Amino acid sequence: MPHYTMPDGEKLFVREIGQGEPVLVLSGLGMQSWQWLPFIFTHLKKYQFIIPDWRGFGGSRTCKIPQDLDAIHNHWRDIDSLIQQKNLDQFILMGYSMGATTAMHGMQYGNLGDKLKAYLHIDQTPKIPSDDTWKFGLFGKKHLKFKRFLKDYSDFLHQYQDYRFVDELPSEPRTELVQMWINFIKIQGSNKVSPFIFNLALKRPQLQKHLLPIRRLDYMTWYIDNYLNHNEDYRSAITQLDCPTTFFIGEQSTLYPSEGQKRIANQLSNAQSIIFERSGHTPLITEPVKFSKEISAFLAKSTQQKPT
């Protein structure tokens with residue numbers, strides 16, 4: 001699998017699999033490119049899937065963090081560079097969660113929308129903060145509570161910025177970090193992880209690093225600070241999208257209320273919404289059969305579209 005050199009000289013891992021029409025896939029936070037394979041393997045004879053691993057994960061886990069950019073700005077710079085190196089134009093794009101945020105950033109600050117043949121937007125809000133103009137940001141009505149959590153989490157991580165890995169932390173702060181992560185999961189409400197797992201991790205330090213999504217503390221700080229300080233509003237950018245667009249929306253999503261996503265979808269001139277009635281933010285986990293079926297339907301419909 002190839003690595004592509006980014007503008008700052010770092011080597012970004014990009015999984016390229018299949019042959020045919022290019023499909024760029026932008027993953028959610030914490031995902032690795034191989035996790036898309038169950039949903040795309042039946043399409044490998046017709047499409048080439050181009051799936052980068054974000055910095056800090058998978059094959060890109062050792063990529064350095066740029067000091068002058070937050071996570072989303074950096075992700076778009078990386079993707080813009082990849083698009084240029086691959087000479088992609090009039091291609092299909094699939095963006096999930098943070099990947100969808102990166103795509104919207106490219107629509108707003110680049111010319112990404114002009115390069116798209118079709119776009120799949122999977123469970124993401126166009127505006128992270130909730131305020132008087134938008135009540136459907138991250139965690140909806142719980143947004144302020146979540147922001148306070150992020151601030152506490154960020155302060156804690158910056159306090160221990162001299163440590164690189166979670167398991168290098170002294171026992172007491174490591175346990176505190178795990179407890180903070182457990183509190184975050186509880187805020188979500190819809191998570192079904194057993195309390196037994198939490199209690200076991202708190203009692204057995206050797207298990208604690210496995211409960212956290214990222215072992216590197218610098219990457220954890222980078223991503224936490226991104227969501228704490230992210231004030232972009234992409235509503236105008238995405239609603240101006242002309243290409244055929246499909247929204248996958250988790251009806252039970254606690255992270256991004258479905259009503260807000262539906263409102264945005266209804267403002268596009270050429271869009272449809274696929275509702276995952278039994279899912280929250282992770283329809284690929286909670287409704288994998290339907291998710292796979294709808295991916296196939298999206299690709300089939302996109303193939304029928306003629307580039308403009």
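Every value quoted in this text rests on a predicted model; they were computed, and no experiment measured them.
The shortest heavy-atom contact between F247 and A265 is CD1-CB, 3.5 Å. Taking each heavy atom of D167 and R174 in turn, the nearest pair found is O-NH1, 4.0 Å. Between S258 and G250 the shortest heavy-atom distance is CB-O, 3.7 Å. Here the closest heavy-atom approach between residue L228 and residue K147 is recorded as O-NZ, 2.5 Å. When all heavy atoms of P66 and D8 are compared, the closest pair comes out as CB-OD2, 4.4 Å. Considering all non-hydrogen atoms of both residues, W76 and G110 come closest at CZ2-CA, 4.2 Å.
Contact of the E287 side chain with the E294 side chain is not registered, since no non-hydrogen atoms from C-beta on lie closer than 4.5 Å. Within the 4.5 Å cutoff, no side-chain heavy atoms of E21 are placed close to those of K46. Two residues are said to be in side-chain contact when any heavy atoms from C-beta on lie closer than 4.5 Å; P7 and R77 meet this criterion. In this structure, the side chains of L217 and L177 come closer than 4.5 Å at one or more pairs of heavy atoms. Side-chain contact between F276 and D123 is absent, with no heavy atoms from C-beta onward closer than 4.5 Å. For the pair Q85 and M6, the minimum side-chain heavy-atom distance is below 4.5 Å. Within the 4.5 Å cutoff, side-chain heavy atoms of D152 are placed close to those of M180. By the 4.5 Å heavy-atom criterion applied to side chains, F298 and I274 are not counted as neighbours.
Note on L26 and L69: separate hydrophobic clusters, where clusters join Ile, Leu, Val, Met, Phe, Trp and Tyr whose side-chain heavy atoms are under 4.5 Å apart, directly or indirectly. Neither I128 nor L144 shares a network with the other; the hydrophobic side chains, linked directly or stepwise wherever heavy atoms of I, L, V, M, F, W or Y lie under 4.5 Å apart, form separate groups for each. Criterion: ILVMFWY side-chain heavy atoms under 4.5 Å apart, direct or through other members. Under it, V23 and L37 are part of a common hydrophobic cluster. By the rule that hydrophobic residues join a cluster once side-chain heavy atoms approach within less than 4.5 Å of another member, F165 and F57 end up as members of separate clusters. Note on L44 and L284: same hydrophobic cluster, where clusters join Ile, Leu, Val, Met, Phe, Trp and Tyr whose side-chain heavy atoms are under 4.5 Å apart, directly or indirectly.
A donor and an acceptor atom, one from each side chain of Y256 and S97, are nowhere located under 3.5 Å apart. With no hydrogens or angles considered, no side-chain donor-acceptor pair links T102 and W54 at under 3.5 Å. In summary, the side chains of H158 and T221 do not present any donor paired with an acceptor at a separation below 3.5 Å, with no hydrogens or angles considered. Residues W36 and S27 have side chains that bring a donor and an acceptor to within less than 3.5 angstrom of each other. If you check the side chains of E16 and Y4, you find a donor sitting under 3.5 Å from an acceptor.
Atom CD of Q272 is separated from atom OG1 of T245 by 10.0 Å, given to the nearest 0.5 angstrom. Atom CD1 of I65 and atom CG of N74 lie 9.0 Å apart (nearest 0.5 Å). Between atom CG of residue D70 and atom CG of residue D225 there is a gap of 9.5 Å, rounded to the nearest 0.5 Å. Annotation: the span from H3 atom NE2 to T5 atom OG1 amounts to 10.0 Å, rounded to 0.5 Å. Taking NZ of K301 as the start and CD1 of I92 as the end, the distance is 12.5 Å to the nearest 0.5 Å. Rounded to the nearest 0.5 angstrom, R216 CZ and Y223 OH are separated by 10.5 Å.
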Legend entry - Test log, rule side-chain contact (heavy atoms from CB on, under 4.5 Å), inputs K290 and R278: CA-CA 11 Å; K290 180 176 180 178; R278 296 185 290 107; over 6 Å; no
Inset, instruction - Would you check, one step at a time, whether the test side-chain contact (heavy atoms from CB on, under 4.5 Å) holds for I40 with V25? - result: CA-CA 11 Å; I40 64 175; V25 183; 5.7 Å; no
Inset, instruction - Decide yes or no on side-chain contact (heavy atoms from CB on, under 4.5 Å) for I79 and L112, but give the supporting numbers first. - result: CA-CA 10 Å; I79 295 306; L112 180 61; 5.9 Å; no
Inset, instruction - Go through L150 and I224 one step at a time and tell me if the side-chain contact (heavy atoms from CB on, under 4.5 Å) criterion holds. - result: CA-CA 7 Å; L150 285 181; I224 289 292; 4.0 Å; yes
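At distances below 3.5 Å, not a single donor-acceptor pair connects side-chain atoms of S292 with backbone N or O atoms of P288. Listed for the E232 side chain is no donor-acceptor partner under 3.5 Å among the backbone atoms of T101. Between the side chain of Q90 and the backbone N or O of D114 there is at least one donor-acceptor pair closer than 3.5 Å. Using a distance-only test at 3.5 Å, with no hydrogens or angles considered, a donor-acceptor pair links the side chain of T303 to the main chain of L299. Formation of a donor-acceptor pair under 3.5 Å by the D53 side chain with backbone atoms of F13 is not found in this model. Listed for the E168 side chain is no donor-acceptor partner under 3.5 Å among the backbone atoms of Y163. Between the side chain of Q35 and the backbone N or O of Q32, at least one donor-acceptor pair lies under 3.5 Å. Between the side chain of N226 and the main chain of I72, a donor-acceptor pair closer than 3.5 Å is present. Under a 3.5 Å cut-off, the side chain of E259 and the backbone N or O of F136 do not form any donor-acceptor pair.
Ring-centre distance between Y227 and Y153: not below the 6.0 Å cut-off. Ring to ring, Y96 and H281 are close: their centroids are under 6.0 angstrom apart.
In this structure, F39 and F291 have perpendicular ring planes: the angle between them is above 60°, well past the 30° mark. Note on ring orientation: taking the six-membered ring where Trp is involved, the planes of F146 and F139 are tilted (angle from 30° to 60°). Using the six-membered ring where Trp is involved, H43 and Y47 have ring planes that are perpendicular, over 60° apart on the 30 and 60° scheme.
Look at K151 and D155 and you find a salt bridge, because one of the NZ, NE, NH1 or NH2 atoms lies within 4.0 Å of a carboxylate O, short of that distance. Using a cutoff of 4.0 Å between basic side-chain nitrogens and carboxylate oxygens, D78 and R55 are scored as salt-bridged.
Among residues two or more places apart in sequence or in another chain, the side chain to side chain contact (heavy atoms under 4.5 Å, CB included) test is passed with A100 by Y119, H121, Q124. Scored by the side chain to side chain contact (heavy atoms under 4.5 Å, CB included) test, I275 finds I249, E251, K262, S273, E277 as partners (sequence neighbours excluded). Partners of P129 by side chain to side chain contact (heavy atoms under 4.5 Å, CB included), not counting sequence neighbours, listed by chain and number: K127, H143, N231.
The one candidate from L82, L93, L116, I83 that meets the side chain to side chain contact (heavy atoms under 4.5 Å, CB included) condition with L88 is I83.
Atom CZ of R61 is surrounded by 12 or fewer heavy atoms from other residues, nucleotides or ligands within 6.0 Å.
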